[in-house]
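The chains referred to below are lettered A, B, ... by the order of the sequence lines, with proteins before strands, and numbering in each begins at 1. Treat the numbers as computed from the prediction; the structure is a model and nothing was measured.
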Protein chains: 2
Amino acid sequence: MMNVETALQKLKEKGYKRTKQRERILEIFVKQDQYIAAKEILKEIQNDFPGVSYDTIYRNLYMLTDVELLESTELGGEKHFRLCCETQGHHHHFICTDCGKTKSIEFCPMNSIEENLNGYNVENHKFEIYGKCPRCI
Amino acid sequence: MMNVETALQKLKEKGYKRTKQRERILEIFVKQDQYIAAKEILKEIQNDFPGVSYDTIYRNLYMLTDVELLESTELGGEKHFRLCCETQGHHHHFICTDCGKTKSIEFCPMNSIEENLNGYNVENHKFEIYGKCPRCI
DNA sequence: AATTTAATTCGTAATCATTCTTATTTGAGA
DNA sequence: TCTCAAATAAGAATGATTACGAATTAAATT
């Protein structure tokens, strides 16, 4: 399980500076096992840094996604972010439409359809399942 | 393959009026084998109806999706729409990131993972593959 | 410890997709 | 044709995201 120090270490290696705002952003993600929208991050951080701007939030979210500390997806017209689950390799998610919690799905459909895509150059794919988790049913 | 008259007939059955704008919107979709963004529809229609508003576009796109004449997806932060491919049942798409053209994928991964979701209530899922089609490689 | 430099943040404005509001127009049935 | 609910036009409002100049700060160097 990724922790804040390990993440900051990774950033340092890539040449990014250690800032209080980044620490705080990472803390928030380490605590959560779900996708979070930018505005929720902003709201949370404003407790400690009343003046943070969306610029700071988005710049860091995108940067963290770039270095593969976060992964992102679009939910209900908003970009959402979460810590990469690194305990498993490539995988997908069930996402609860009530509480937002996720469940990992280790099966990846891409393995099953390679033969259907001869002549195509696959760059990316998305497989997500939406519904209610046992606690929210 | 769905044509404009059949589509308008379906709308009539559901109690929706036949309007020139709706005809024109349907025409655009029948001609295209790809996902289209709202603003592209607007641009296209403005040739015939200089005053169309986004309200009209969106209201109709959502209505057409409701009655299952269109299907929609989110691409690059914009909702995109396309005519339902009705020749096949439930299916997914490869989407070319260059030209936007699509290829149907008949395989649905949901069949393979039911046993992983005991206790979960699945409402929906999304499986899309992005890349370059043979013509755009 | 002070200095330097480039990265980062702040504060705010701009942009872009989408939704909303109100007045007006139109399609379809009586 | 007349009537009325449905649909549209025009433009304002909203909400997420991006952009930008000025100020601040981390961290490398002296």
Side-chain angles (χ1 to χ4, degrees), chain A residues 4-5 7-28 35-67 69-70 72-81 100, chain B residues 4-5 7-28 35-67 69-70 72-81 100:
Chain A
V4 176
E5 280 310 318
L8 285 166
Q9 181 57 34
K10 185 167 180 180
L11 288 190
K12 187 171 187 177
E13 282 162 18
K14 302 249 180 184
Y16 294 102
K17 291 182 179 174
R18 175 183 188 123
T19 69
K20 300 188 203 74
Q21 291 87 340
R22 277 178 187 158
E23 274 182 51
R24 195 71 193 77
I25 289 174
L26 285 167
E27 271 173 30
I28 292 167
Y35 279 105
I36 315 176
K39 65 170 176 238
E40 297 173 270
I41 300 289
L42 182 78
K43 195 178 164 195
E44 188 70 26
I45 289 196
Q46 276 179 329
N47 298 328
D48 299 304
F49 306 93
V52 262
S53 78
Y54 266 114
D55 187 57
T56 300
I57 304 296
Y58 279 108
R59 189 167 18 76
N60 282 308
L61 291 179
Y62 290 149
M63 181 273 286
L64 291 168
T65 305
D66 241 31
V67 302
L69 281 169
L70 299 184
S72 77
T73 193
E74 188 108 23
L75 294 172
E78 268 177 289
K79 282 169 191 131
H80 284 63
F81 300 82
Chain B
V4 177
E5 280 309 318
L8 284 166
Q9 180 59 32
K10 187 167 181 181
L11 287 190
K12 186 172 186 176
E13 282 160 19
K14 301 250 180 184
Y16 293 102
K17 291 181 180 173
R18 176 184 188 122
T19 71
K20 300 186 203 75
Q21 292 87 340
R22 278 178 186 159
E23 276 181 50
R24 194 72 192 78
I25 289 174
L26 285 166
E27 272 173 31
I28 292 166
Y35 280 105
I36 314 176
K39 65 170 175 237
E40 298 174 90
I41 301 288
L42 181 79
K43 195 178 165 195
E44 187 71 24
I45 289 196
Q46 276 179 328
N47 298 328
D48 300 304
F49 305 93
V52 263
S53 77
Y54 265 114
D55 187 58
T56 300
I57 304 296
Y58 280 108
R59 188 166 18 76
N60 281 308
L61 291 178
Y62 291 149
M63 181 272 286
L64 291 168
T65 305
D66 241 31
V67 302
L69 281 168
L70 298 185
S72 76
T73 193
E74 189 109 21
L75 295 171
E78 268 176 290
K79 281 169 191 129
H80 283 64
F81 299 82

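- Residue B:Lys12 is out of contact with every strand shown, counting any heavy-atom pair closer than 4.0 Å.
- Not a single donor-acceptor pair under 3.5 Å links the side chain of B:Lys20 to the backbone N or O of B:Phe49.
- Across its full length, the helix from C:dA1-D:dT30 to C:dA30-D:dT1 shows an angle of 20° between the axes of its 5 terminal pairs at either end, rounded to 10 degrees.
- Residue A:Arg59 places at least one side-chain N or O closer than 4.0 Å to OP1 or OP2 of C:dT9.
- Nearest-nucleotide mapping onto DNA chain C: of A:Thr56 and B:Lys20, the residue sitting toward the 5' end is A:Thr56.
- B:Leu42 has its CG atom 13 Å from the C1' atom of D:dT8, to the nearest Å.
- The phosphate of C:dT8 (OP1 or OP2) has a side-chain N or O of A:Arg22 nearer than 4.0 angstrom.
- For A:Gln21, no side-chain nitrogen or oxygen approaches OP1 or OP2 of D:dT25 to under 4.0 Å.
- Looking at B:Arg18, its side chain never comes within 3.5 Å of a backbone N or O of B:Leu8 through a donor-acceptor pair.
- Under the 3.5 Å distance criterion, the side-chain polar atoms of A:Asp48 are left unmatched by any main-chain donor or acceptor of A:Ile45.
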- Under 4.0 Å protein heavy-atom contact, by nucleotide of nucleotides 15-21 of chain C - B base, S sugar-phosphate only: --SBBBB

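- The distance between atom CD1 of A:Ile57 and atom C1' of C:dC10, rounded to the nearest whole Å, is 12 Å.
- Nearest-nucleotide positions on DNA chain D for B:Tyr16 and B:Gly51 put B:Tyr16 closer to the 5' end.
- The nearest whole Å value for the distance from the CZ atom in A:Arg24 to the C1' atom in C:dC10 is 19 Å.
- Per the geometry, CG belonging to A:Leu8 stands 16 Å off C1' belonging to C:dA7, to the nearest Å.
- One can place CE of A:Met63 at 17 Å from C1' of D:dT18, the figure rounded to the nearest angstrom.
- For B:Thr19, the listed nucleotide lying nearest its side chain is D:dT8; candidates were C:dT9, D:dT8, C:dT8.
- When the P atom of C:dT8 is taken as reference, atom CZ of A:Phe49 falls 15 Å away, rounded to whole Å.
- Closest contact between the side chain of A:Lys17 and the listed nucleotides D:dA26, C:dG27, C:dT9 involves D:dA26.
- Atom NZ of A:Lys43 sits about 12.0 Å away from atom CD1 of A:Ile28, to the nearest 0.5 Å.
- Checked by atom type and distance alone, the side chain of A:Arg22 never pairs as donor or acceptor with a backbone atom of A:Leu64 at under 3.5 Å.
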